Amino acid sequence: MPLPAYERGITRGALLAAPAGMRLSEHSTAVASSDHDAVAALIRSWEFKRRAGFDVPDGAPVPGAEGLLSKRVLGIRFSEPIRVVWADEHGFGYETRPGHPVYGEESFVLEDGVFTARSISRPSAPLWKLLSPALLLLQRRTHARYTRIVDAEAAGASAPRRK
């Protein structure tokens, strides 16, 4: 079955619907202006994904850079090949590459005082389609974790500094 086509970088902005054959997931949280710099620095780096439990590439996300994300689930290490499709002062987005459990794109954006984790995806192969209920559950939990990470970073940035 051919993979559905989508425009690279599509998750950079708000979406009303996912491209045909794909699922849209979006989680957002407000970020106070006083916390903007700390949260922006966090989501412009792989540190954000590391805090979500992933092993991440070295260096900052740079458009065109390919890398490998990996995570252990139930003692099994899953490798996720990716390619960064955009990165700027507001965050970054990457597409999945062959060998990733899902086909699609994910982004992390901070604009107008709102952090948003957004993805479009579908299982990448018949095996993953069979396991799609588990993939969906893991994806939902991970996206909820992203907003908790941002909220924690904002809380740390707002905390009074001790001398």
Side-chain angles (χ1 to χ4, degrees), residues 6-15 22-124 128 134-159:
Y6 67 91
E7 178 185 337
R8 300 301 183 262
I10 191 172
T11 62
R12 172 68 179 81
L15 296 171
M22 301 186 88
R23 190 174 54 77
L24 172 64
S25 178
E26 187 172 292
H27 288 75
S28 298
T29 189
V31 175
S33 59
S34 59
D35 302 327
H36 184 272
D37 290 346
V39 170
L42 175 69
I43 68 166
R44 284 191 313 254
S45 71
W46 289 114
E47 176 63 15
F48 180 71
K49 291 288 283 187
R50 189 193 63 73
R51 289 187 191 181
F54 289 85
D55 292 330
V56 298
D58 292 329
V62 176
E66 295 198 18
L68 192 66
L69 301 172
S70 62
K71 186 170 186 163
R72 286 195 180 279
V73 177
L74 301 174
I76 301 169
R77 184 174 185 257
F78 291 91
S79 295
E80 303 177 349
I82 56 99
R83 178 181 345 180
V84 177
V85 292
W86 69 270
D88 63 22
E89 68 276 7
H90 299 286
F92 72 98
Y94 63 86
E95 67 180 342
T96 64
R97 304 296 297 147
H100 196 291
V102 299
Y103 167 77
E105 186 176 299
E106 185 169 51
S107 68
F108 312 102
V109 181
L110 176 61
E111 284 187 314
D112 301 324
V114 177
F115 162 77
T116 303
R118 183 180 295 118
S119 69
I120 55 165
S121 63
R122 72 177 273 295
S124 63
W128 294 114
L135 283 176
L136 180 59
L137 177 64
L138 287 171
Q139 188 177 51
R140 284 183 180 158
R141 286 184 177 174
T142 301
H143 283 198
R145 189 170 193 182
Y146 294 152
T147 57
R148 288 193 307 270
I149 291 166
V150 167
D151 289 340
E153 183 68 17
S158 296

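Just so we're clear, the structure is a prediction, and the values are computed from it rather than from any experiment.
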Roughly how far, to the nearest 0.5 Å, is CG of L15 from CD1 of I120?
-> 7.0 Å
Could you go through the side-chain contact (heavy atoms from CB on, under 4.5 Å) check for R8 and W86 one step at a time?
-> CA-CA 9 Å; R8 300 301 183 262; W86 69 270; over 6 Å; no
Residues 37-45 side chain polar contacts: donor-acceptor under 3.5 Å, at least two apart:
unit_1, atom_1, unit_2, atom_2, d
R44, NH1, E89, O, 3.3
S45, OG, L42, O, 3.0
S45, OG, E47, N, 3.2

Which heavy atom of G67 sits nearest a heavy atom of P57, and at what distance?
-> CA-CG, 4.1 Å
Should the pair E80-K71 be classified as a salt bridge under the 4.0 Å nitrogen-to-oxygen rule?
-> no
Show your reasoning for whether side-chain contact (heavy atoms from CB on, under 4.5 Å) applies to F92 and W46.
-> CA-CA 10 Å; F92 72 98; W46 289 114; 3.6 Å; yes
Show your reasoning for whether side-chain hydrogen bond (donor to acceptor under 3.5 Å, both in side chains) applies to H143 and S25.
-> CA-CA 8 Å; H143 283 198; S25 178; 2.9 Å; yes
Value rounded to 0.5 Å, distance of CG in D151 from CG in D35 | 9.5 Å
CZ on R118 to CD1 on I10, rounded to 0.5 Å | 10.0 Å
Who pairs with T96 by side chain to side chain donor-acceptor pair (under 3.5 Å), at least two apart in sequence or on another chain?
-> none
Between side-chain atoms of residues 110-117 and protein atoms elsewhere (two or more places apart, or another chain), which donor-acceptor pairs fall under 3.5 Å?
unit_1, atom_1, unit_2, atom_2, d
E111, OE1, R12, NH1, 3.4
E111, OE2, R12, NH2, 3.3
T116, OG1, S28, OG, 2.9

For residues 135-146, the salt bridge (charged side-chain N to carboxylate O under 4.0 Å, His left out) pairs (sequence neighbours left out) are none
Which of parallel (below 30°), tilted (30 to 60°) and perpendicular (above 60°) describes F108 and Y146?
-> perpendicular
Which atom names give the shortest non-hydrogen contact between P81 and P98, and what distance separates them?
-> CG-O, 3.4 Å
Check side chain to side chain donor-acceptor pair (under 3.5 Å) between E105 and all other residues, then give those that pass, not counting sequence neighbours.
-> T11
Give the C-alpha distance, both sets of side-chain angles, the deciding distance and a yes or no for side-chain contact (heavy atoms from CB on, under 4.5 Å) between F48 and V56.
-> CA-CA 10 Å; F48 180 71; V56 298; over 6 Å; no
Partners passing side chain to side chain donor-acceptor pair (under 3.5 Å) against H90 (at least two apart in sequence or in another chain) = none
Note, S79 side chain near L69 side chain (heavy atom, < 4.5 Å) | no
When rounded to the nearest 0.5 angstrom, what distance separates CD in E66 from CZ in R83?
-> 4.5 Å
